Amino acid sequence: MTTATLTPIMPQKHYLNDNYGIRSWLLTKDHKRIAILYLISITFFFFLGGLFATLIRLQLLTPNGALFQADTYNKLFTMHGVNMVFFFLVPSVPAVLGNFILPLMIGAKDLAFPKINLLSWYIYMAGALFSLAAMVSGGVDTGWTFYTPLSSGYLRTHVVMLAVGVMFAGFSSIFTGLNFIVTVHRMRAPGMTWGRLPLMVWSNYATSIIMVLATPVLAITLTLLALERGFHIGIFDPKLGGDPVLFQHMFWFYSHPAVYIMILPGMGVISEIIPCFSRKRVFGYSFVAFSSVAIAVFGFLVWAHHMFVAGISTYSAMVFSLMSFAVAIPSAVKVFNWTATMYKGSITLSTPMLYALGFIGLFVIGGCTGLMVAALGLDIHVHDTYFVIAHFHYIMVGGMVTAYLGGLHFWWPKMTGRMYHEPPAKLAALITYIGFNLTFFPQFILGYLGMPRRYAAYPPEFQVLNVLSTAGASILAVGFLLPALYFLWSLKYGEIAGDNPWQATGLEWQTTSPPPTHNFHEIPIVTSDAYDYGRQAEVTSVH
């Protein structure tokens, strides 16, 4: 690990010690403190969702599933999905890393609407309280997709309470997205043109567009679900004259773009890490930037590939299948350009780079299997099997969580002013990669062989693969727990970080670590393109 050439001195005044006391944090309008509040909140839900996942894997150790009754198992996978998707994956990179880093990256003093930024965290916490109340009151057993008419008429669990919690989380993301869009348009530093924006900013900008346009559809859908459940209005229930397929159209119109809300910011993180630790400009900057916008646009046109067996017409299925293949093109552009950026680069295998390399490997597997489920004939065979679960987790956990951890390691010195210990961090990255593949790759085989998801029991011939998957989950849990330990350790005992410990080029590395409350002592002026590592090398050689 290369440290800064300057003597690292913790600044006297920064955002962490500007004010003390709980009140100063709960009423803060500083985007950096709000990011820390989000970090604490989503970490809680990450480990809560992980606990539910552990119980699910323990249940599936044996074919008969003797640990829980079937209805309890239904509640476990529902609460696992809701916690992980709506309260961790969707807000993780935008609300934590994006909130902290985006204003710094464009040379702004804060986000455009600081009070709305704080409000978004309170709305998120209100949704979290509704979700927790639904859990402790007996749980919900609809699955995280709330499919009707099961959720609207047949189940007697706390569906509406959980739906309200999810709606609150959605409104929180709308406010975050609105804040990012206005900030990028109106608050860039002098010289920060659209062609000089860091790719992390491009990714979060594209994500924000999806947040603002798609999330209201989820709120409408869940409101209609609550109305039908409470007043027996015939919207989705066929007994009342409704159409359950309509719910799927409305739900997936949000929830497939939500996949890109989760993965696009992670791609932005990887686009920051790879050029830094390859000491090279990003290959094809414009293509990588516009591929983020292309993914956001295509993301609105592929929702019905979740519905190939739901009764939609063959012609509709063919169109959505074609569009699902098309959305792979901008994703492949990113992977190609990241690989080309590393080609002949001076690569340093620091912890963030290890997570970035793991992201590329796991995301490629997830993307290729996504093409498989986009094919009409194969999707009929593997629909609602463990093949789909494995594919989704390769994208979301193998991709998104890996990118989030990579970004957290990359910007941790900037956020805290402290360095973590590299050996256990590298070990955690390796353990996570091994544990993840051992957990989810056997599920591809299970799904192809026909094991359906959401079942509390299974035929005995599937036990060996399920035992492998559970063993992998145990290893994966260690990989996730280790960072929590050495990050906490670093807060007190970690080496003081310099302003730019990675020798990176972004504006966020031109201010102190941790940054002052208003980010910069003087407004920065941008005079060079993003990732100008060639120019940095020339300056270094002159000195």
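These numbers were taken from a predicted model, which means no experiment stands behind them. Side chains are part of it too, since the values below use all heavy atoms of this structure and drop only hydrogens, waters and symmetry mates.
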**Asked** Are F363 and W338 near enough that their ring centres are under 6.0 Å apart?
**Response** no
**Complete:** So CD of E508 and CE of M415: to nearest 0.5 Å the spacing works out to 12.0 Å
**Item:** Distance-only donor-acceptor check, side chains W502 and S350, under 3.5 Å
**Value:** no
**Request:** Return the orientation label for the W202 and Y205 ring planes: parallel under 30°, perpendicular over 60°, tilted otherwise.
**Result:** perpendicular
**Message:** When you compare the side chain of S292 with that of M267, does any pair of heavy atoms fall below 4.5 Å?
**Reply:** no
**Message:** Are the side chains of F251 and L218 in contact, using a 4.5 Å heavy-atom criterion?
**Reply:** yes
**Flag side-chain contact, heavy atom, 4.5 Å: L102 against V184** = yes
**Request:** May I ask you to check whether Y420 and W412 place their ring centres under 6.0 Å from each other?
**Result:** no
**Request:** To the nearest 0.5 Å, tell me how far W252 CH2 sits from W303 CH2.
**Result:** 13.5 Å
**Item:** Flag if over 12 foreign heavy atoms under 6.0 Å of CZ, F290
**Value:** no
**Request:** Answer yes if the ring centres of Y404 and F88 are under 6.0 angstrom apart, and no otherwise.
**Result:** yes
**Item:** Within-4.5 Å side-chain heavy-atom neighbours: S255 and W144
**Value:** yes
**Message:** Other residues, nucleotides and ligands only: do more than 12 of their heavy atoms fall within 6.0 Å of CZ on F336?
**Reply:** no
**Asked** Does L491 reach the side chain of L488, with side-chain heavy atoms less than 4.5 Å apart?
**Response** yes
**Prompt:** Do the rings of H185 and W194 sit parallel, tilted or perpendicular, given the 30° and 60° boundaries?
**Reply:** perpendicular
**Request:** Look only at the side chain of T439 and the backbone of G472, and say whether a donor-acceptor pair between them is shorter than 3.5 Å.
**Result:** yes
**Donor + acceptor pair across side chains of Y38, S92 (<3.5 Å)** = no
**Fill in**
Between F100 and K32, the two heavy atoms sitting closest are CE1-CB, 3.5 Å
**Prompt:** Between F441 and F444, is the gap from one ring center to the other below 6.0 Å?
**Reply:** yes
**Asked** Do T341 and K280 get their side chains close enough for a donor-acceptor pair, meaning under 3.5 Å?
**Response** no
**Message:** Taking the ring centre of each residue, are F440 and H393 less than 6.0 Å apart?
**Reply:** yes
**D30 versus T517, side-chain donor and acceptor atoms under 3.5 Å** = no
**Prompt:** If you measure only the distance, is there a donor-acceptor pair under 3.5 Å linking the side chains of H31 and N179?
**Reply:** no
**Message:** Going by ring-ring contact (aromatic ring centres under 6.0 Å, His included), F46 matches just one of F52, F480, F87. Which one?
**Reply:** F480
**Request:** Could you tell me whether the side chains of R279 and T348 share a donor-acceptor contact shorter than 3.5 Å?
**Result:** no
**Prompt:** More than 12 foreign heavy atoms under 6.0 Å from OH of Y493: is that the case here?
**Reply:** no
**Item:** Under 3.5 Å side-chain donor-acceptor pair for K426 and T351
**Value:** no
**Request:** Please report the closest heavy-atom contact between P103 and L111, naming both atoms and the distance.
**Result:** CG-CD2, 3.7 Å
**Item:** is_close_aromatic(Y486, H409), centroid dist under 6.0 Å
**Value:** yes
**Request:** May I ask you to check whether F436 and Y394 place their ring centers less than 6.0 Å from one another?
**Result:** yes
**Fill in**
Test side chain to side chain contact (heavy atoms under 4.5 Å, CB included), reference P114, set L118, I116, D110, output is D110
**Prompt:** Is there a side-chain contact between F168 and Y124 (heavy atoms, below 4.5 Å)?
**Reply:** no
**Prompt:** If we ignore angles and hydrogens, is there a donor and acceptor under 3.5 Å between the side chains of N17 and H14?
**Reply:** yes
**Request:** Answer with yes or no whether the side chains of Q503 and Y533 bring together a donor and an acceptor at under 3.5 Å.
**Result:** no
**Item:** Pairwise side-chain contact, M105 with E272, heavy-atom cut-off 4.5 Å (strictly under)
**Value:** yes
**Prompt:** Going from CG on N117 to OG1 on T183, what distance comes out if it is rounded to the nearest 0.5 angstrom?
**Reply:** 8.5 Å
**Message:** Is the distance between the ring centroids of F180 and F175 under 6.0 Å?
**Reply:** no
